[in-house]
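Read through the structure below, which is laid out as structure tokens, and then see the notes.
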2 protein chains.
Amino acid sequence: MTTITGFETYDLRFPTSLHADGSDAMNKDGDHSAAYVQLLTDDSELTGSGFTFTIGRGNDICVQAIRDRVQPLIGRDVDDLAAHLGGIYRELASDSQLRWIGPDKGAEHLGMAAVMNAVWDLAAKRARKPLWRFVADMTSEEIVDAADLSYCSDELSDEDAVAMLRKLEPTRAERIAYLEEHGYPCYSTAAGWLGYSDDKMRRLIRKELDAGQDCVKLKVGLNVEDDIRRCGIAREMIGPEGKLMVDANQVWDVPTAIEWMRQLEQFHPYWIEEPTHPDDVLGHARIRKALGVKVATGEHGMNRILHKQMFQAEAYDFCQIDACRLASLNEVLAVQLMAAHRGVPVCPHGGGVGLCELIQHLAIIDFVVVSGDLTDRYAEYVDHLHEHMVTPCVLRDGAYVPPTDLGYTSDIKDQTLSDYSYPQGRYWAEQYPLDLAAVAEERATAQA
Amino acid sequence: MTTITGFETYDLRFPTSLHADGSDAMNKDGDHSAAYVQLLTDDSELTGSGFTFTIGRGNDICVQAIRDRVQPLIGRDVDDLAAHLGGIYRELASDSQLRWIGPDKGAEHLGMAAVMNAVWDLAAKRARKPLWRFVADMTSEEIVDAADLSYCSDELSDEDAVAMLRKLEPTRAERIAYLEEHGYPCYSTAAGWLGYSDDKMRRLIRKELDAGQDCVKLKVGLNVEDDIRRCGIAREMIGPEGKLMVDANQVWDVPTAIEWMRQLEQFHPYWIEEPTHPDDVLGHARIRKALGVKVATGEHGMNRILHKQMFQAEAYDFCQIDACRLASLNEVLAVQLMAAHRGVPVCPHGGGVGLCELIQHLAIIDFVVVSGDLTDRYAEYVDHLHEHMVTPCVLRDGAYVPPTDLGYTSDIKDQTLSDYSYPQGRYWAEQYPLDLAAVAEERATAQA
């Protein structure tokens with residue numbers, strides 16, 4: 001028997017705003033950040049790590065949400081948790097006091113994501129398997145029990161979900177063999193950040209093309225002339241067969257989205273991503289109907305109920321799940337199940353800190369276990385901040401290589417934990433020694 | 001010139017779970033709480049106070065969200081803020097880093113609500129007016145500029161909103177005079193908490209009837225036999241003319257809501273409140289269409305975009321805005337404007353700590369400025385925790401008396417701040433001396 005004995009949390013922030021990495025029309029100066037939790041056990045070799053991703057300020061709020069949510073795990077038997085991953089999820093989610101400040105959204109939900117990501121990591125490590133294989137070794141019934149389909153019965157019942165998974169169960173091994181040979185297809189956003197010059201964009205697209213990658217995503221939405229010019233450059237470089245995605249990061253209202261995209265249709269974008277506010281199911285449906293361009297959204301899709309309505313309103317063509325915004329694999333599975341039921345491709349959101357390391361598992365699980373389909377499915381890849389991960393993801397010929405490392409590949413390096421903890425880590429203390437003192441004083445006052 | 005010089009935050013929690021006050025099918029053991037902020041100025045007589053409401057755990061997360069959101073107000077001129085209440089709202093809301101952990105929802109949004117509630121309180125106090133009168137003295141253009149209609153242009157444009165308000169501008173004084181004579185109608189939830197015995201419920205309904213109040217709301221959703229018995233008692237006591245609301249607090253999925261309510265239709269409920277998850281616009285529309293009972297929801301309606309879709313999908317009959325979940329009066333005005341545009345009555349959510357003190361202003365503003373209509377409009381009232389407010393709301397013959405106190409009547413008593421601050425306040429320290437030491441030690445560890 002191995003028991004969870006405690007936890008550590010970290011407010012990790014990386015100074016990405018210095019070089020406009022990750023910049024877009026909504027988010028000009030994000031410092032990519034992780035609210036990170038380690039579950040400690042009485043086996044010194046076994047920890048579970050999980051995080052949620054933010055872009056700077058507010059990361060502290062998510063750390064507090066983690067600390068509130070994680071408490072009931074202390075003293076629990078790891079094997080018992082691993083055998084009842086739906087049960088522990090429901091237990092944590094049933095805290096009605098924490099639920100009040102959501103429900104199922106915002107900081108409390110991001111904290112839930114981090115904590116349950118750590119539980120899945122712990123369970124897979126304990127089983128000595130990568131997470132995707134841990135799930136591929138579960139029965140259809142176990143997977144549906146773990147999936148949070150609450151409030152979704154009007155779209156998909158547990159029984160129908162089990163029946164759907166059972167059909168694919170006998171052929172899981174074939175799909176694993178396929179992925180081990182070919183990898184899981186991805187597309188790259190590294191070249192397209194809005195703060196980059198045309199020259200820097202050209203250089204990065206060239207690098208992608210040389211690496212066998214002709215799916216490119218550009219950020220748009222600040223200035224339509226700039227967007228026309230940048231889309232023209234990218235389309236010319238990748239050729240008519242290459243896939244050009246565009247991403248507005250929620251800056252438009254519904255009428256603006258329609259009007260603006262009519263001017264970019266000439267570049268035949270593969271999709272328009274986040275054309276408006278992520279909560280606006282009916283708005284996305286209206287945009288999709290008005291345009292000849294497919295609609296993708298979901299990285300800010302707060303929960304399964306939002307996605308359920310996206311399916312019911314036929315509001316998007318691509319469902320972009322987020323590993324840290326949905327409440328871990330439990331809720332991801334629910335969305336993947338509903339997507340497969342509707343035949344909507346799931347294209348997970350990557351980038352940030354460690355998101356690529358997580359979504360490689362989600363993409364593999366989708367293909368091997370849930371949908372059995374690769375059509376129109378591309379996981380996002382950004383070549384960014386992987387140096388902080390203990391087991392960074394590996395790409396080959398524009399595809400994710402199925403990881404063989406144990407767990408959810410969510411461990412962040414010890415050196416990073418000490419350097420980038422905010423505000424006391426080495427990096428931040430060197431940059432802002434005076435600010436640090438002020439923050440310390442402010443915190444002390446708050447405690448008093 | 002008067003300047004904001006700093007702020008104080010308080011994590012206030014009240015032990016309401018001891019007597020099941022506020023208990024319902026979802027929330028069995030809430031400790032009603034306020035994440036409270038005071039804006040301090042260089043005029044020692046002038047402070048602005050605001051809060052968001054929670055039910056216990058998680059209140060600390062909201063306090064942290066307030067601390068992150070409030071920073072840009074330090075050093076600002078109060079008169080300048082008061083003259084540009086839309087501008088300061090947009091400036092605070094434009095923090096893209098904090099936005100990431102929403103957007104417009106969860107703890108960061110609740111923190112925004114508390115901070116901007118305090119700004120409105122400060123502005124009205126500075127003008128030496130109650131908040132409702134401060135708004136009634138604004139022009140239609142000023143009110144629409146303050147309203148956050150972003151992402152709502154496909155439902156209501158600023159121009160149409162101004163035109164709507166202008167029609168009512170010449171008759172505002174008449175409606176104020178009406179309210180000063182008759183008050184704003186309300187209904188009571190005090191008798192209906194799910195944890196109360198039948199006897200206690202009877203006693204409380206009798207008290208309401210004696211006070212001239214025959215609108216009663218009961219919590220339902222745990223057990224259908226209990227609900228049938230309790231609804232029968234209440235209907236018998238209030239008679240066929242009385243209004244019986246029932247409230248399921250989100251415990252049902254869509255099919256269950258329809259099935260359960262078919263068994264309560266015999267008691268002719270005036271509305272079913274929160275029949276399912278608050279994010280489920282399309283689910284509410286389906287329930288509404290299936291039943292002969294009107295649908296009310298909104299106390300967990302996270303933002304204007306959710307409400308916009310509720311209107312567009314014709315998903316509810318009553319829009320129950322919350323003064324602390326929507327991001328203060330700025331976002332409340334947007335929802336009230338869209339509701340008036342559609343002719344949907346707004347019935348604000350009361351109860352908790354101080355919510356009644358806030359919503360009396362919102363209800364008055366709706367009638368005087370926005371809708372000009374009292375048809376089917378009832379503000380909620382709960383006789384609960386008012387003793388902690390410096391200027392508690394006043395009821396006469398089942399109606400809110402328009403407050404004459406300055407500001408948003410949001411000030412909490414100094415004694416309450418020292419007694420109920422969690423965990424170090426007098427009350428909590430006496431109840432849980434050992435827990436308090438543990439919490440202090442845990443916090444110290446977290447800081448290290």
Side-chain angles (χ1 to χ4, degrees), chain A residues 9 26-31 52 54-62 64-65 67-68 95-111 150-154 250 253-256 276-283 286 300 302-303 305-306 308-309 312-313 442-443 446-447, chain B residues 9 26-31 52 54-62 64-65 67-68 95-111 150-154 250 253-256 276-283 286 300 302-303 305-306 308-309 312-313 442-443 446-447:
Chain A
T9 56
M26 180 65 81
N27 308 294
K28 291 165 194 72
D29 62 351
D31 282 330
T52 193
T54 80
I55 61 170
R57 285 183 296 279
N59 205 48
D60 50 336
I61 303 173
C62 295
Q64 187 59 43
R67 297 181 65 81
D68 283 357
D95 184 318
S96 66
Q97 297 190 19
L98 289 176
R99 186 184 185 276
W100 183 270
I101 67 168
D104 305 314
K105 61 180 71 72
E108 69 88 8
H109 206 56
L110 300 176
S150 59
Y151 294 109
C152 297
S153 62
D154 56 321
Q250 314 169 20
D253 60 7
V254 173
T256 309
T276 190
H277 198 285
D279 302 346
D280 198 349
V281 175
L282 301 178
R286 205 163 309 126
H300 269 86
M302 57 190 165
N303 60 33
I305 296 118
L306 190 277
K308 179 184 77 164
Q309 293 176 87
Q312 292 177 334
E442 188 200 308
R443 292 206 173 181
Q447 292 295 310
Chain B
T9 57
M26 180 65 80
N27 308 294
K28 292 165 195 67
D29 63 351
D31 281 330
T52 192
T54 81
I55 60 169
R57 286 182 295 280
N59 205 48
D60 51 335
I61 304 173
C62 295
Q64 187 59 43
R67 298 181 64 81
D68 284 356
D95 184 318
S96 66
Q97 297 189 19
L98 289 176
R99 185 184 185 278
W100 183 271
I101 67 168
D104 305 314
K105 61 179 72 73
E108 69 89 7
H109 207 57
L110 299 176
S150 59
Y151 295 108
C152 297
S153 63
D154 57 321
Q250 316 170 19
D253 61 6
V254 173
T256 309
T276 189
H277 198 287
D279 302 346
D280 199 348
V281 174
L282 301 179
R286 203 163 311 125
H300 268 87
M302 59 189 164
N303 60 33
I305 296 118
L306 189 278
K308 178 184 78 165
Q309 295 175 86
Q312 292 178 335
E442 188 200 308
R443 292 206 172 180
Q447 292 295 312

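Order of the sequence lines fixes the chain letters, A, B, ..., with proteins taken first and strands second; residue numbering starts at 1 for each chain. Keep in mind that what you see is a predicted model, and the values were worked out from it rather than measured.
Side-chain contact check for B:W100 versus A:H300: some heavy-atom pair is nearer than 4.5 Å.
Interface remark: A:I305 contributes side-chain atoms only to the contact with chain B (heavy atom separation under 4.5 Å). Interface remark: A:D68 contributes side-chain atoms only to the contact with chain B (heavy atom separation under 4.5 Å). With a 4.5 angstrom heavy-atom cutoff, A:P278 touches chain B only via side-chain atoms. Neither the backbone nor the side chain of A:L306 comes within less than 4.5 Å of any heavy atom in chain B. With a threshold of 4.5 angstrom between heavy atoms, B:I101 approaches chain A through its backbone and through its side chain. Only the side chain of B:K308 comes within contact range of chain A, with at least one heavy atom under 4.5 Å from a heavy atom of that chain.
Residues A:D280 and B:Y151 share a closest heavy-atom pair of OD2-O, 4.4 Å. A pairwise comparison of heavy atoms in B:S96 and A:N27 identifies CB-OD1, 3.6 Å as the closest pair.
Heavy-atom pairs under 4.5 Å with chain A were tallied for B:L282, B:L98, B:V281; the largest tally goes to B:L282. The most heavy-atom pairs under 4.5 Å with chain A, out of B:M26, B:K105, B:Q97, come from B:Q97. Across B:H109, B:M302, B:K28, the residue that shares the most heavy-atom pairs under 4.5 angstrom with chain A is B:M302. With chain A as the partner, the residue from B:T256, B:D31, B:D29, B:T276 showing the most heavy-atom pairs under 4.5 Å is B:D29. Ranking B:G56, B:A65, B:S153, B:P103 against chain A, the residue ahead of the rest is B:P103, based on heavy-atom pairs under 4.5 Å.
Rounding to the nearest 0.5 Å gives a distance of 4.0 Å between CZ of A:R57 and CG of B:D95. Residue B:L110 holds its CG atom at 10.0 Å from CD of A:E108, rounded to the nearest 0.5 Å.
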Practice problem: Mind running side chain to side chain contact (heavy atoms under 4.5 Å, CB included) on A:D279 and B:D279 for me, showing each step along the way? | Solution: CA-CA 9 Å; A:D279 302 346; B:D279 302 346; over 6 Å; no
Exercise. Please report the C-alpha distance between B:Q250 and A:R99 in whole Å, then the side-chain angles of each, then the deciding distance to 0.1 Å, and finally whether the side chain to side chain contact (heavy atoms under 4.5 Å, CB included) criterion is met.
Key: CA-CA 11 Å; B:Q250 316 170 19; A:R99 186 184 185 276; 2.8 Å; yes
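Residues forming a side chain to side chain donor-acceptor pair (under 3.5 Å) with A:Q309 (at least two apart in sequence, or on another chain): none. Scored by the salt bridge (Lys or Arg N to Asp or Glu O under 4.0 Å) test, B:R286 finds A:D154 as partners (sequence neighbours excluded).
Side-chain N/O atoms of B:N303 and A:H277 include no donor and acceptor closer than 3.5 Å. Using modelled atom types and a 3.5 Å distance limit, the side chains of B:D60 and A:Q64 yield a donor-acceptor pair.
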